[in-house]
Amino acid sequence: EKGGYDYFMLKEIAEQPKAVADTLLGRIDASGSLALDEVRISAGELREVDKVVIVACGTAFHAGMIAKYAIEHWTRIPCEVELASEFRYRDPILDARSLVIAISQSGETMDTLMALRHAREQGSKVLAICNTNGSTIPRESDAVLYTHAGPEVAVASTKAFLTQLVACYLVALYLGQVRGTKWGDEISAVIRDLSHISGEVDRVLETMEPVRALARSLAGKRTVLFLGRHVGYPVALEGALKLKELAYMHAEGFAAGELKHGPIALIEDDMPVVVVVPSPRGRSVLHDKIVSNIQEIRARGARTIVIAEEGDEAVVPYADHLIRIPATPTLLQPLVATVPLQVFACELATARGNDVDQPRNLAKSVTVE
Ligand code: F6R
């Protein structure tokens, strides 16, 4: 049942190109527009939405953080994203014009379920992004966009995360399409890029051997830090979460711009720091900033592990280890940048002798509060 792999997690990492393609299947029509009829919230209602609020836990929350960048950029609708466990215990401001998006692989996470119940009580529409047919969260939502990752057995989420990202992009682009924004041309281009992205994920998977070797060489380390900016920031958080839960190591993700506000004090000689570098094309300010961040940490002794687009030469002098990913539009980069971090955590944990399918203290779905 593990399909020849030692662990479900390895199998599920390898299944990502298919999971991504399956989640897109039938949702982009021949003219290159989105056909999301299954989102049973009318175009009229979607045009009325004045705020999007995303609730989720763990890895699904990281997908939500990335969705915020996409939704605000492509639709200009204000978007908040909050941990479901925080959201449900405060008094959030919602009404009938708020669209609440609940993201959950299992569809059974108690905090996410309670958050969506709270939202519906306020009269908001709830759209679930979920991987499990007929589970509680989609049943209690107004609409659902299923991710088609197939069953995810390993406790650590991998393929479900990539498909959650795809679903979030689809929702963001669909909102943009329904409402008509000035980004019409960009939206069409991104829909085209999305339809090719599963091949790019496949290409990343083919180049992972050096990442595995690097992970094994770091198995004795105590701490690994992860830095990113923009959508690379939630990717950094996800890389750190994978390493914590699988390798039981101290791993932390930071927004690179926050370094000088505290975290840079953590840097010690030869401490591995993984940096997710945004594309040098497009928003080049972001790229330049992160190149200076890499220089800053390296000057303080960090061992830099740099994840950068093919053709990005500016990072080469400052990278102790360089992991290449294919060029993608900035907002889509998490689909390719996360994969090396999953492989890294899985291999490092295995080298430490851990069972990556059943990490200690964790359950696949958290149905208690
Ligand atoms: C991390 C992980 C968890 C889940 C979280 C939410 O690898 O798997 O953080 O993402 O418990 O679970 P779902 O998506 O089922 O609501």
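Numbering starts at 1 and runs along the sequence shown. Any value given below was found using the heavy atoms of this structure, including those in side chains, with hydrogens, waters and symmetry copies removed. Every number for a ligand or one of its atoms is a count from 1 in the order of the listing.
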Inset, instruction - Quick one: pull up CG in D50 and CD1 in I77 and give me the separation to the nearest 0.5 Å. - result: 8.5 Å
Inset, instruction - Mark yes or no for whether T75, through its side chain, and G176, through its backbone, hold a donor-acceptor pair below 3.5 Å. - result: no
Inset, instruction - May I ask whether C57 has any heavy atom positioned less than 4.0 angstrom from an atom of ligand 1? - result: yes
Inset, instruction - Examine ligand 1 and decide if any of its atoms is less than 4.0 Å from a heavy atom belonging to V155. - result: yes
Legend entry - Residue pair Q333 / H230, side-chain donor-acceptor N/O under 3.5 Å: no
Legend entry - Donor-acceptor side-chain pairing of H287 and R281 below 3.5 angstrom: no
Legend entry - Subset of ligand 1 atoms that lie under 4.0 Å from at least one heavy atom of G58: 9 (O)
Inset, instruction - For A60, take its heavy atoms, then give the atoms of ligand 1 lying under 4.0 Å from any of them. - result: 10 (O), 14 (O)
Inset, instruction - Please work out whether the ring planes of F344 and F226 are parallel, tilted or perpendicular, with thresholds of 30° and 60°. - result: perpendicular
Is there a nitrogen or oxygen of [X] sitting under 3.5 Å from a nitrogen or oxygen of ligand 1?
X	result
K364	no
K242	yes
S104	yes

Inset, instruction - Kindly indicate whether the side chain of I101, heavy atoms from C-beta on, has any atom under 4.5 Å from the side chain of V171. - result: yes
Could you identify the single nearest non-hydrogen protein atom to [atom] and state the distance to 0.1 Å?
atom	answer
atom 4 (C) of ligand 1	T59 N, 4.1 Å
atom 14 (O) of ligand 1	Q105 N, 2.6 Å
atom 11 (O) of ligand 1	V366 CG2, 4.2 Å
atom 15 (O) of ligand 1	S106 OG, 2.6 Å

Inset, instruction - Kindly write out the residues that satisfy side chain to side chain contact (heavy atoms under 4.5 Å, CB included) with M65, not counting sequence neighbours, or none if the list is empty. - result: F61, H62, V81, Y233, P234, L237
Legend entry - Side chain, backbone, both or neither: E245 near ligand 1, heavy atoms under 4.0 Å: side chain
Legend entry - Candidate list K159, K364, K11, test salt bridge (charged side-chain N to carboxylate O under 4.0 Å, His left out), partner E152, passing option: K364
Legend entry - Name of the residue among V273, L225, I264 meeting side-chain contact (heavy atoms from CB on, under 4.5 Å) with L259: I264
Inset, instruction - Name the option, out of T109, T132, T367, D111, that contains the heavy atom nearest to atom 12 (O) of ligand 1. - result: T109
